[in-house]
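See structure below.
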Protein chains: 2
Amino acid sequence: MTGIQSTDIKNKLHAFCVQCKNAGLKMTPQRLAIYKYLLETVEHPSADTVFRNVRHTLPNISLDTVNRTLLTLNRIGAAFVVEGTGDVKRFDANLEDHQHFKCLNCKRIIDFHHAPFDNVEIPTCIKDQFTILRKTVYFEGLCKDCQSIST
Amino acid sequence: MTGIQSTDIKNKLHAFCVQCKNAGLKMTPQRLAIYKYLLETVEHPSADTVFRNVRHTLPNISLDTVNRTLLTLNRIGAAFVVEGTGDVKRFDANLEDHQHFKCLNCKRIIDFHHAPFDNVEIPTCIKDQFTILRKTVYFEGLCKDCQSIST
DNA sequence: TGACAAATAGGATTGAATCCTATATAGGTA
DNA sequence: TACCTATATAGGATTCAATCCTATTTGTCA
Ligand SMILES: [Mn+2]
Ligand SMILES: [Mn+2]
Ligand SMILES: [Zn+2]
Ligand SMILES: [Zn+2]
């Protein structure tokens with residue numbers, strides 16, 4: 001697969017460079033590799049998972065850089081921290097409208113898309129009390145694999 | 001306020017005793033105090049906050065017991081871990097249908113209730129793939145106090 | 001090409017959460 | 001009521017995610 005890259009990925013990488021420049025951020029190999037990995041996976045990886053994978057291409061990258069960069073991506077809006085209940089932080093660079101299901105047993109986070117959830121209407125009672133920066137619909141339970149195993 | 005206790009709280013404490021007995025759990029002063037504190041607050045406290053408050057009545061209680069008990073409450077359905085993105089676990093014993101707003105700056109978690117969200121319809125695409133144990137609608141942003149302060 | 005602010009590596013530190021185990025106790029039984 | 005035992009607790013040790021610290025490196029712009 002190496003060397004072959006969809007136009008979509010290329011476009012997003014280019015958009016990312018522009019986004020960094022606009023935010024006054026330097027384009028480092030570390031940043032690019034982390035963002036690229038996050039773009040190409042559907043796993044919603046933790047910082048440690050990103051670290052272990054990015055090390056294949058950048059053997060000297062530090063875990064701190066991965067953590068710092070993931071938070072930077074979150075800050076500039078190139079990625080975000082996935083919602084959940086406890087456990088380690090998980091990240092997502094898929095900015096398209098979608099929702100998440102998380103298996104309580106194997107911790108897998110699976111995307112789904114149900115259009116009616118895309119823009120859940122904000123009730124006025126909170127619209128004029130808060131600045132809403134994010135709205136999520138989030139499901140938890142057991143995936144098919146884990147239904148059978150767990151009691 | 002000490003000594004005065006609403007009928008509602010009394011009922012819930014009694015129901016909790018029954019629930020513990022049904023689950024084969026002993027009724028300890030620690031368990032009761034932790035559940036009672038959680039019932040009476042609207043703060044969605046962390047384990048540490050519960051610990052510091054319950055210590056007023058049980059000076060020797062350990063943090064481990066608080067953590068263990070909160071997870072037990074979550075397991076038997078007497079309380080739950082509040083959804084969010086990172087930060088420390090926060091707990092809620094309010095089982096009535098409601099949703100949460102969390103301020104990214106001051107970390108306050110505020111209840112609101114918008115009836116249409118109570119039972120968000122589960123799309124079939126995931127209904128037959130997963131066992132859904134929990135459905136949440138969650139908003140994030142800045143509360144009024146923090147809108148002015150933060151840049 | 002040179003200067004400098006920004007970013008990184010890697011080790012140290014923090015802090016939440018869990019684990020370990022000797023002791024205490026809730027709640028059923030005789 | 002007094003005992004018995006499985007369950008629960010206290011408190012210290014441990015784990016692990018995440019952040020901090022700082023000397024060194026590097027991207028970017030003039
Ligand atoms: Mn996703
Ligand atoms: Mn609540
Ligand atoms: Zn699973
Ligand atoms: Zn706030």
Side-chain angles (χ1 to χ4, degrees), chain A residues 13 16-35 37 44-55 57-76 78-82 84-91 104 107, chain B residues 13-14 16-35 37 44-76 78-82 84-91 104 107:
Chain A
L13 287 175
F16 176 63
C17 291
V18 173
Q19 193 175 16
C20 283
K21 175 163 281 190
N22 289 342
L25 301 175
K26 291 178 181 174
M27 183 44 52
T28 66
Q30 292 89 338
R31 243 169 223 168
L32 202 62
I34 290 166
Y35 178 68
Y37 173 71
H44 305 90
S46 66
D48 191 66
T49 303
V50 174
F51 177 57
R52 280 183 288 101
N53 281 280
V54 169
R55 268 223 275 207
T57 43
L58 297 174
N60 289 323
I61 196 169
S62 74
L63 179 55
D64 185 44
T65 295
V66 174
N67 268 298
R68 203 170 359 87
T69 301
L70 288 169
L71 292 182
T72 302
L73 298 187
N74 181 67
R75 181 167 55 80
I76 68 173
F80 57 91
V81 183
V82 180
T85 53
D87 293 323
V88 306
K89 282 198 186 74
R90 304 274 289 267
F91 297 86
L104 293 168
K107 311 298 184 190
Chain B
L13 287 175
H14 181 256
F16 176 62
C17 290
V18 174
Q19 192 175 19
C20 283
K21 176 165 280 190
N22 289 342
L25 300 176
K26 292 178 179 173
M27 184 44 54
T28 65
Q30 292 88 341
R31 243 168 222 170
L32 203 62
I34 289 165
Y35 179 68
Y37 173 72
H44 307 89
S46 66
D48 191 68
T49 303
V50 174
F51 177 57
R52 282 184 287 100
N53 281 278
V54 169
R55 267 224 275 209
H56 299 150
T57 43
L58 296 174
N60 290 323
I61 196 169
S62 74
L63 178 56
D64 186 43
T65 295
V66 174
N67 268 299
R68 202 170 359 87
T69 301
L70 289 169
L71 291 182
T72 302
L73 298 188
N74 181 65
R75 181 168 54 81
I76 68 175
F80 57 91
V81 183
V82 180
T85 51
D87 293 322
V88 306
K89 282 198 185 73
R90 304 275 288 267
F91 297 86
L104 293 169
K107 312 297 185 190

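Chain A is the first sequence line, chain B the second, and so forth, proteins listed ahead of strands; every chain is numbered from 1.
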Would you say the side-chain atoms of [X] pair up with the backbone N or O of [Y], donor to acceptor, closer than 3.5 Å?
X	Y	result
B:Q30	B:T65	no
A:N53	A:T49	yes
B:R90	B:V82	no
A:R31	A:L25	no

Could you go through nucleotides 9-13 of chain C and list every protein N or O atom that sits under 3.5 Å from one of its N or O atoms, giving the distance for each pair?
| residue | atom | partner | partner atom | Å |
| --- | --- | --- | --- | --- |
| C:dA9 | OP1 | A:Q30 | NE2 | 3.3 |
| C:dA9 | OP1 | A:N60 | O | 3.3 |
| C:dA9 | OP2 | A:S62 | N | 3.0 |
| C:dA9 | OP2 | A:S62 | OG | 3.3 |
| C:dA9 | OP2 | A:T65 | OG1 | 2.6 |
| C:dG10 | OP2 | A:N60 | O | 3.3 |
| C:dG10 | O6 | A:D64 | OD2 | 3.2 |

Quick one: closest heavy-atom pair of [X] and [Y], and the distance?
X	Y	result
A:I76	A:A23	CG2-CB, 4.1 Å
A:F80	A:N74	CA-OD1, 3.2 Å
B:M27	B:C20	CE-SG, 3.6 Å
B:A47	B:N67	CB-OD1, 3.4 Å

Checklist entry - Testing A:L32, A:T57, A:V50, A:V66 for side-chain contact (heavy atoms from CB on, under 4.5 Å) with A:Y37, which one passes? => result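 For A:Y37, the side-chain contact (heavy atoms from CB on, under 4.5 Å) check succeeds only for A:V50.
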Please report, rounded to the nearest Å, how far the [atom2] atom of [N] is from the [atom1] atom of [X].
X	N	atom1	atom2	answer
A:K107	D:dC16	NZ	C1'	15 Å
B:R55	D:dA10	CZ	P	11 Å
B:K26	D:dT5	NZ	P	13 Å
A:R90	D:dA18	CZ	C1'	16 Å
A:N67	D:dC21	CG	P	16 Å
A:I76	C:dA7	CD1	P	11 Å
A:L70	D:dT19	CG	P	10 Å
B:K89	D:dA18	NZ	C1'	15 Å

Checklist entry - How is B:L71 classified with respect to the nucleic acid when contacts are heavy atoms under 4.0 Å: base, sugar-phosphate, or nothing? => result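 Sugar-phosphate: the residue B:L71, judged by heavy atoms under 4.0 Å, touches backbone atoms but no base.
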Could you write out each protein N or O paired with an N or O of nucleotides 22-24 of chain C at a distance under 3.5 Å?
none

Item to check | From D:dC29, D:dA17, C:dA17, nucleotide with atom closest to A:K21 side chain | outcome: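 So the side chain of A:K21 is nearest to D:dC29.
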Checklist entry - Toward the 5' end of DNA chain C, which comes first, B:P29 or B:D48, by nearest nucleotide? => result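 Result: B:D48.
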Checklist entry - Any side-chain N or O of A:T69 under 4.0 Å from OP1/OP2 of C:dA7? => result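 Looking at the OP1 and OP2 atoms of C:dA7, neither is under 4.0 Å from any side-chain N or O of A:T69.
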Checklist entry - Is the shortest side-chain N/O distance from B:T28 to OP1 or OP2 of C:dT25 below 4.0 Å? => result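 No, outside the criterion.
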